[in-house]
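Inspection log for the structure reproduced underneath, given as C-alpha cells.
Not measured: the values here are computed from a predicted model. Values below: every heavy atom of this structure, side chains too, minus hydrogens, waters and symmetry copies.
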Amino acid sequence: MTDLKSRLLIAALAATTALTAAPALAEGTLTVAQRQDPANWDPVDTFLVAWGSVASNIYDGLVRRDENLDLQPGLAESWEVLDEGMRIRFKLREGVQFHNGEPFNAEAVKYTFDRLLGEVGGAGPQQSNYTTIYRVEVVDATTVDFHMAQPDPVILTKLSGYGAMIVPPQYIEENGQEHFDMNPVGTGPFKFVSYEQGARIELEANAEYFEGAPELHGLVFRFIREDATRLAELQSGGVDLVTDVAFSAVPTIEAADNAGIVAVAGPSIYSLALKTKDAVTEDVRVRRALNMAVDKQALIDAFLAGRGSPIASLQGELSFGHDPELEGYPFDPQQAMALLEEAGVAPGTEMTIDYRAGNSTFNEVAQALTGFFAAVGLNVGLNPVEDGVFLNEIVPQGRTNEMYQFSWGGWTFDFDNTAYLTYHEGEKWNPYGTSDEMNALLDEQRQSPDQELREEILQKVAQLAHEEAYHIPLYNEETVYAVADRVEGFVPAPDKRLRLTDVSVAE
C-alpha cells in the first residue's frame with residue numbers, strides 16, 4: 001500500500017504547476033469540463049450522472065429539487081396527494097413554451113409519460129423508476145392527475161429528474177426519435193445550439209425562461225476523458241468549471257491562486273459487485289472473505305485525498321434508509337484466509353475484476369485491490385472495459401468475471417433507487433439474482449406510504465445484502481468541483497445535476 005501511495009503522490013507532484021492567470025473566454029459564457037459524453041440527450045435513454053449535469057439546464061420536470069435537496073415547484077406550480085397516495089394532482093404553470101415555441105400544457109405532460117411508460121421508454125433504462133404510475137389523465141389544459149398503480153413515496157423526487165423531464169410532443173413527432181436524441185428541446189433555462197459527439201455541447205440562454213433569464217449568455221460543456229487534460233484546460237483558461245475532479249489533482253487546485261475546490265457531501269458510491277452464479281464467488285464464505293480482505297480507509301486516504309467515507313451498504317449517510325448501526329466487514333486478512341480455506345479455495349486461485357477503464361481514480365483503486373487480495377493468497381487480475389461495453393453488454397447480460405465495478409449516483413438520496421435496481425429480480429443491474437426474501441422486502445417498501453416503515457424495511461434490505469455479501473461496499477465520495485475565480489454565484493449540487501441559471505462570469 002505504501003508503494004501505491006508513493007506512486008500516486010509522485011504523479012500528483014509531477015502534474016503540479018502554478019495556475020497562471022487565464023485568458024478570458026467568450027464574454028458571458030461559462031465552459032464546463034466533464035469526463036463523460038452521454039451520447040444521447042433523450043431523457044428516457046439515460047441513467048448517467050453526466051447526462052444530468054448537462055440536461056438539467058435544458059429540461060424541466062414538474063418538480064425541481066434544489067441544491068439543499070428540497071423539492072420546489074417546477075413546471076407544476078403546486079401538487080396535491082389524494083386518495084391515500086393513489087392519485088396526485090398537478091396544477092401546471094401557464095404561458096410556458098418549449099424552446100421551439102411549442103406550448104407547454106397538460107397534453108405535453110401526458111405525452112411525456114405515455115412515452116416513458118410505453119414502448120419507447122421500455123427500450124431504455126428509465127422506465128422501471130416510474131412504473132408505479134398507472135396513467136396520466138388530462139383534467140384540463142393546466143391540470144393533470146397521475147393515477148398510481150400503487151402509492152410511491154419517492155415519486156415526487158423521481159419527477160424532479162432524468163426520465164421525468166417534460167418533452168415536446170410536436171417536435172418529436174415531426175422530427176423523429178433519432179433527431180431528438182441529438183437535438184434536445186426542453187423548457188429549461190438554456191437552449192440547445194450544437195452538439196459534437198465526444199467533444200462538446202453548446203447551449204444559449206433562454207431569455208423567456210419562466211423563472212427569469214439566466215445571468216450567462218452561453219453555456220458550453222466539453223467532454224474530456226483524461227484527468228490530466230481537464231486539469232491542464234483549467235490551468236490554461238480553456239474551462240471555468242470541472243465537474244469530474246481527479247482526487248490526485250485536489251492539492252494542486254487548492255494551492256492555486258486563480259481557482260479553488262468546492263466540495264459537498266454527495267450520493268456517489270463505489271463498490272465491487274460479486275458474481276453469485278457459476279463462479280467461485282457463488283459461495284457466501286468467499287464473498288465475505290473478499291470483503292474482509294479490503295482496507296477501505298486506506299483506499300480513501302491514498303486515492304480520494306481523504307474526501308470520502310467507508311460504507312457498509314450501497315449508500316452514504318444522507319441516503320434515506322441508511323442504518324448507522326450497520327457495521328461493514330472488518331479489515332481482517334487472517335479471518336479472510338480462514339474463510340477461504342473453509343470454502344476450499346486454494347492459495348493462488350485466480351479471479352478477475354472487470355471495471356470501467358475511463359476513471360483514473362478507480363483504475364488506481366482497482367490496482368490496490370489486487371494487492372489486498374494477493375495478501376490473502378488470491379491471484380486477481382484486472383480487466384478494464386470501455387464504458388459502453390461494460391454498461392450495455394458485460395453487466396446486463398451477465399458476462400462478468402467474479403468481481404466487477406458497481407458505482408452509483410444515488411441521485412434520489414433514497415436507498416430505494418439503488419437497492420431496487422440492484423437487488424430486485426429482473427433488473428438490469430442484477431444479472432445473477434438475489435432471493436425471494438429480497439424481492440419481497442423491496443416490493444413491500446415501494447408499496448408503503450409509511451415513511452417510518454419504509455426506512456425500517458430499507459435497513460433490512462441493507463442488512464440482508466450485507467449478510468449475503470452481494471457486494472464489497474467501498475466508499476461514498478464527496479462531490480468535488482474545481483472552480484475558476486472568475487466564476488460567480490456557483491452553488492455546488494450534491495448530485496452533480498448542475499443548475500447554472502444564477503451563475504455569472506467576471507470579464
| Between Tyr195 and Asp37, do the side chains contain an N or O donor and an N or O acceptor separated by less than 3.5 Å? | yes

| query | Which pairs with one or both residues in residues 60-77 pass side-chain hydrogen bond (donor to acceptor under 3.5 Å, both in side chains), sequence neighbours excluded? | reply | Asp60-Thr187, Asp60-Tyr209, Asp60-Arg499, Arg65-Asp495, Asp66-Gln72

| task | Classify the ring geometry between Trp411 and Tyr162 as parallel (under 30°), tilted (30 to 60°) or perpendicular (over 60°). | result | tilted

| Strictly by modelled atom types, are Glu317 and Asn476 linked by a side-chain donor-acceptor pair under 3.5 Å? | no

| With under 30° as parallel and over 60° as perpendicular, where do the rings of Phe90 and Phe146 fit, or are they tilted in between? | perpendicular

| field | Between Glu102 and Asn100: side-chain donor-acceptor atoms closer than 3.5 Å | value | yes

| Presence of salt bridge, Lys496 and Asp244, under 4.0 angstrom | yes

| query | Just checking, is any N or O donor in the side chain of Ser407 or Gln405 under 3.5 Å from an acceptor N or O on the other one? | reply | yes

| query | Using a distance-only test with no angle check, is there a side-chain donor-acceptor pair under 3.5 angstrom linking Glu211 and Thr501? | reply | no

| task | Using the salt bridge (charged side-chain N to carboxylate O under 4.0 Å, His left out) rule, collect all pairs that involve residues 108-124, keeping only residues at least two apart or in two chains. | result | Asp42-Arg115, Lys110-Asp114

| query | Hey, what's the ring geometry for Tyr59 with Trp51, parallel, tilted or perpendicular (30° and 60° as the breaks)? | reply | parallel

| said: For Ser128 and Tyr420, which I'm curious about, is there any donor-acceptor pair between the side chains at under 3.5 Å? | reply: no

